[in-house]
Number of protein chains: 2
Amino acid sequence: MIIRLDMQSELPIYTQLINQIIEGIASGSLQPGEDLPSVRSLAADIGVNLHTINKAYTLLKQEGYIQIHRQKGVVVNPDGMPPATPEFEQKQAEQFRPLIAEAICRSMDKASLLQIVESIYEDILHGKKENA
Amino acid sequence: MIIRLDMQSELPIYTQLINQIIEGIASGSLQPGEDLPSVRSLAADIGVNLHTINKAYTLLKQEGYIQIHRQKGVVVNPDGMPPATPEFEQKQAEQFRPLIAEAICRSMDKASLLQIVESIYEDILHGKKENA
DNA sequence: CAACTGTTATACTACAAATATAACAGATAG
DNA sequence: CTATCTGTTATATTTGTAGTATAACAGTTG
């Protein structure tokens, strides 16, 4: 699992970490039960403070993606991923909504939009990085 | 055009404003050429500072959604909306990506995801608010 | 002239992000 | 047993953004 941070991004570091770990799980490059680096070693690896890693891990745990064991370590949830609850779907829709509104303003038709979503879906499943 | 703010939201006020104005344009409730309230009157209406409104308007202008005329007022861009440039599509994909990765983790299949995007697309076109 | 427009400037509060240190408590390998 | 690793907690500091509060400027318009 390679973590790549953009220090110029408007996204906080801990958010970039969360996004990349979730995508790693989605693509299968991180398997349930697999160990994640300790807060200290990952912090040292990518050159940030251990609290930044800890914040990302804590949020991932709250959402059910990972388990954190005191004095042991961090592991991708071996009991499987959290389900798509109604609360999740509502929050998801709230995040999709402004993106779709923008697309409509820019005259993107429904088929084009769905095609973009579909290709991103496939890219993630096949572990493809952002278009370089 | 009715603006509804959620002061408990994690989204900044100016971002909520931007989102609602863009959705207003997308749904057709705001037509090209239509006047928007002045920074002062809108600020007074919704109970925020005029600089907060000004920040939202300035960003909307930078993206081409509105025009701002000194000593006149603010208007939805009468020359039409900005096109879907490659830069826009790339930024759009970056924002879609983490949402789709989350959906994959939660075992949402491609058809379900596309169906959700499609229904939001239709909701916006028909001016429907969030599911109450 | 008065009232309105966007614009600019300054100052302040509040909060989030990130860092820097330090210490604690339990597990484990030597 | 001791040293080392784990997550956890606490405190303090720096930096940047969000938002507010006031004030003034310059041009338009009734």
Side-chain angles (χ1 to χ4, degrees), chain A residues 1 3-22 30 33-78 95 98, chain B residues 1 3-21 30 33-79 95 98:
Chain A
M1 184 72 193
I3 300 288
R4 299 210 293 101
L5 291 185
D6 177 5
M7 303 310 264
Q8 314 305 323
S9 170
E10 75 288 352
L11 292 177
I13 297 175
Y14 74 89
T15 302
Q16 296 183 48
L17 277 170
I18 289 174
N19 288 345
Q20 291 189 38
I21 291 174
I22 289 179
L30 286 178
E34 188 170 343
D35 281 349
L36 289 176
S38 74
V39 290
R40 283 179 181 81
S41 67
L42 183 52
D45 269 9
I46 62 185
V48 302
N49 191 272
L50 104 177
H51 290 103
T52 305
I53 309 292
N54 192 253
K55 181 168 187 174
Y57 278 176
T58 301
L59 290 170
L60 283 167
K61 172 192 168 193
Q62 281 176 11
E63 295 192 335
Y65 288 104
I66 64 176
Q67 288 181 356
I68 303 181
H69 301 281
R70 277 180 169 257
Q71 287 82 26
K72 284 198 157 186
V74 182
V75 71
V76 179
N77 196 334
Q95 294 178 287
Chain B
M1 184 70 191
I3 301 288
R4 299 210 293 102
L5 291 185
D6 177 6
M7 303 310 265
Q8 314 306 322
S9 170
E10 73 289 352
L11 292 177
I13 297 175
Y14 73 88
T15 301
Q16 297 183 46
L17 277 169
I18 289 173
N19 287 346
Q20 291 190 38
I21 291 173
L30 285 179
E34 186 170 343
D35 281 348
L36 289 176
S38 74
V39 290
R40 285 178 180 81
S41 66
L42 183 51
D45 269 8
I46 62 185
V48 300
N49 192 273
L50 105 176
H51 290 103
T52 305
I53 308 292
N54 192 253
K55 182 169 187 176
Y57 279 175
T58 301
L59 290 170
L60 282 167
K61 171 191 171 193
Q62 280 177 10
E63 296 192 336
Y65 288 104
I66 64 176
Q67 287 181 356
I68 303 181
H69 302 281
R70 278 178 168 260
Q71 289 82 23
K72 283 197 158 187
V74 182
V75 72
V76 178
N77 196 334
D79 304 333
Q95 295 177 288

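Throughout, protein chains are lettered first and strands after them, A, B, ... in sequence-line order, and every chain is numbered starting at 1. This is a predicted model, so every value here is computed, not measured.
- The CG atom of Asp6(B) sits 12 Å away from the P atom of dG19(D) (whole-angstrom rounding).
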Please report the C-alpha distance between Ile46(B) and Ile53(B) in whole Å, then the side-chain angles of each, then the deciding distance to 0.1 Å, and finally whether the side-chain contact (heavy atoms from CB on, under 4.5 Å) criterion is met. CA-CA 10 Å; Ile46(B) 62 185; Ile53(B) 308 292; 3.8 Å; yes
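- Rounded to a whole Å, the CG atom of Asp35(B) is 11 Å from the P atom of dT5(C).
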N/O donor to acceptor pairs below 3.5 angstrom from side-chain atoms of residues 8-20 of chain B, sequence neighbours left out:
unit_1   : atom_1 : unit_2   : atom_2 : d
Ser9(B)  : OG     : Leu11(B) : N      : 2.9
Gln16(B) : OE1    : Asp6(B)  : N      : 2.9
Gln16(B) : NE2    : Asp6(B)  : O      : 3.0
Gln16(B) : NE2    : Leu11(B) : O      : 3.0
Gln20(B) : OE1    : Arg4(B)  : N      : 3.0
Gln20(B) : NE2    : Arg4(B)  : O      : 2.4

Taking protein heavy atoms under 4.0 Å as touching, what does nucleotides 7-18 of chain C look like 5' to 3' if B marks base contact, S marks sugar-phosphate-only contact and - marks none? BBB-------SS
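- Screening residues 51-60 of chain B for side-chain hydrogen bond (donor to acceptor under 3.5 Å, both in side chains) gives Asn49(B)-His51(B) as the qualifying pairs, with residues at least two apart or on separate chains.
- Atom-to-atom, CD1 of Ile53(B) to C1' of dA21(D) comes out at 15 Å; the value is rounded to the nearest Å.
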Using side-chain contact (heavy atoms from CB on, under 4.5 Å), reason through Val74(A) and Leu42(A) one step at a time and then give a plain yes or no. CA-CA 11 Å; Val74(A) 182; Leu42(A) 183 52; over 6 Å; no
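- Going from atom CG of Leu5(B) over to atom P of dA18(D) covers 15 Å, rounded to whole Å.
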Start with the C-alpha distance between Leu60(A) and Ile22(A), add both sets of side-chain angles, then the distance that settles side-chain contact (heavy atoms from CB on, under 4.5 Å), and finish with yes or no. CA-CA 9 Å; Leu60(A) 283 167; Ile22(A) 289 179; 3.8 Å; yes
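- Pairs engaging residues 67-77 of chain B under the side-chain hydrogen bond (donor to acceptor under 3.5 Å, both in side chains) rule: Gln67(B)-His69(B), Gln67(B)-Asn77(B), Gln67(B)-Asp79(B) [sequence neighbours left out].
- Gln71(B) has its CD atom 14 Å from the P atom of dG30(D), to the nearest Å.
- Taking atom CD of residue Gln67(A) and atom C1' of nucleotide dG7(D), one finds them 14 Å apart after rounding to whole Å.
- Atom CD1 in Ile3(B) sits 7.0 Å away from atom CG in Leu5(B) (nearest 0.5 Å).
- The nearest whole Å value for the distance from the CG atom in Leu59(B) to the P atom in dT17(D) is 13 Å.
- The list of side-chain hydrogen bond (donor to acceptor under 3.5 Å, both in side chains) pairs with a residue in residues 33-47 of chain A, not counting sequence neighbours, reads Ser38(A)-Ser41(A).
- One axis for each end of the helix from dC1(C)-dG30(D) to dG30(C)-dC1(D), each built from five base pairs, and the angle between them comes to 10° at 10° resolution.
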